[in-house]
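What follows is one structure encoded as structure tokens, with my remarks underneath.
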Amino acid sequence: MEKRKVGNITLALALGLCIGISCTGGETQVNEQTDSHVESQSIPLIYHMSFISRYTKKLYFAGDAENWKLADIYNHEIEEISEGIIEDNIVHDGINISSLMESMLIPQIERVEEAINNRDREMFQERYNILIQTCNQCHTATDYEAVQVMIPEINPFNQKF
């Protein structure tokens, strides 16, 4: 699992360098030893969120096509990225994103996982919808209500689901 996390971090860093983005957007991490906030030396939150967004769309298409093995892969990736955010204790504009992820998103990911494990398309669609609603509730809670995600209507990927 550590190799995958390092690979994701390496990929995100390479993307950041390629497009020349150098600002961190005011993110901080809680330094657990001093319980103070320090500037984050990790990847900006927007990178994590962009991967979650991408994998969430792919999760939808895989589950809708009842490709449970692929749906499980994407659900796992979303969970892994979310757990990384939680572990990093990210605070953005004074809001503890890590805490919100842990209390709001992780339970929904687990509910989607249950639908995948049951191979139940109807349950999957219901729980995926709640997952999307939860994302939007979190965006509202963090003053990013302009970022509203929705269930995808068309497949933008060059991928068979």
Side-chain angles (χ1 to χ4, degrees), residues 1-16 18-19 21 23-30 40-65 67-93 95-117 124-159 161:
M1 186 156 84
E2 283 299 310
K3 286 183 180 179
R4 183 177 286 191
K5 192 179 282 187
V6 170
N8 285 343
I9 290 171
T10 302
L11 176 61
L13 286 172
L15 286 171
C18 288
I19 58 177
I21 295 178
C23 100
T24 62
E27 294 156 33
T28 60
Q29 291 179 310
V30 176
S40 173
Q41 299 300 313
S42 65
I43 300 166
L45 184 60
I46 190 74
Y47 288 108
H48 295 299
M49 291 299 174
S50 67
F51 279 103
I52 289 174
S53 176
R54 179 182 186 90
Y55 294 146
T56 301
K57 290 178 188 105
K58 288 185 172 213
L59 169 64
Y60 173 78
F61 290 115
D64 190 53
N67 185 341
W68 303 118
K69 186 174 181 178
L70 187 59
D72 186 56
I73 289 169
Y74 289 124
N75 198 60
H76 177 76
E77 290 301 316
I78 295 164
E79 184 174 35
E80 194 170 270
I81 294 167
S82 300
E83 288 171 349
I85 292 169
I86 292 165
E87 289 171 14
D88 284 347
N89 293 315
I90 295 175
V91 176
H92 183 77
D93 292 337
I95 299 169
N96 190 326
I97 303 301
S98 297
S99 178
L100 287 173
M101 285 277 232
E102 186 170 27
S103 65
M104 295 179 77
L105 188 61
I106 295 296
Q108 299 312 321
I109 292 169
E110 291 170 355
R111 293 187 77 226
V112 169
E113 182 178 10
E114 183 181 4
I116 292 167
N117 290 340
F124 172 82
Q125 289 176 334
E126 175 187 311
R127 292 183 177 186
Y128 182 89
N129 187 39
I130 294 169
L131 173 72
I132 296 301
Q133 290 173 22
T134 301
C135 291
N136 289 328
Q137 290 168 351
C138 190
H139 295 162
T140 298
T142 58
D143 294 326
Y144 279 85
E145 61 275 346
V147 180
Q148 292 292 304
V149 293
M150 56 187 238
I151 295 173
E153 295 177 0
I154 58 168
N155 179 357
F157 304 106
N158 185 22
Q159 180 177 354
F161 291 96

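We number each residue from 1, following the sequence as shown.
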Next item on the list: Step by step, work out the side chain to side chain contact (heavy atoms under 4.5 Å, CB included) result for Phe161 and Leu70.
Entry: CA-CA 8 Å; Phe161 291 96; Leu70 187 59; 3.7 Å; yes
Note to self: For a side chain to side chain contact (heavy atoms under 4.5 Å, CB included) check, start with the C-alpha distance between Ile130 and Arg111, then their side-chain angles and the critical distance, and finish with the verdict.
What the structure shows: CA-CA 9 Å; Ile130 294 169; Arg111 293 187 77 226; 3.7 Å; yes
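Gln137 is not listed as a side-chain neighbour of Thr140, based on a closest heavy-atom distance of 4.5 Å or more. Proximity of Ser82 to Ile109: side-chain heavy atoms (C-beta onward) are separated by under 4.5 Å at one or more points. Two residues are said to be in side-chain contact when any heavy atoms from C-beta on lie closer than 4.5 Å; Leu59 and Phe124 meet this criterion.
A cation-pi contact, defined as under 6.0 Å to the ring centre and within 45° of the axis, links Lys58 to Phe157.
Contact between Glu77 and Tyr55 at its shortest, heavy atoms only, is CB-CD1, 3.7 Å. Heavy atoms only, all atoms of each residue included: Ala71 and Ala62 are closest at N-CB, 3.5 Å. Thr56 and Ile52 make their closest contact through OG1-O, 2.6 Å (heavy atoms, listed as atom of the first residue, atom of the second, distance). Residues Met49 and Ile85 approach most closely at CE-CD1, 4.5 Å, considering heavy atoms. Here the shortest heavy-atom pairing between Ser98 and Ile86 reads O-CG1, 3.5 Å.
The environment of Arg54 atom CZ is sparse: at most 12 non-hydrogen atoms of other residues, nucleotides or ligands sit within 6.0 angstrom. The local environment of CD in Glu79 is crowded, with over 12 non-hydrogen atoms from other residues, nucleotides or ligands closer than 6.0 Å.
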Show the atom names and distances, to 0.1 Å, of all donor-acceptor pairs under 3.5 Å that link a side chain in residues 145-153 to residues at least two apart or in another chain.
{"unit_1": "Gln148", "atom_1": "NE2", "unit_2": "Glu145", "atom_2": "O", "d": "2.9"}

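Scanning for salt bridge (Lys or Arg N to Asp or Glu O under 4.0 Å) contacts around Asp72 gives an empty result, with sequence neighbours left out. Every residue meeting the salt bridge (Lys or Arg N to Asp or Glu O under 4.0 Å) condition with Arg127, not counting sequence neighbours, appears here in chain and number order: Glu114.
A side-chain contact (heavy atoms from CB on, under 4.5 Å) with Ile90 is found for exactly one of Leu100, Ile95, Leu45, Asn96, namely Leu45.
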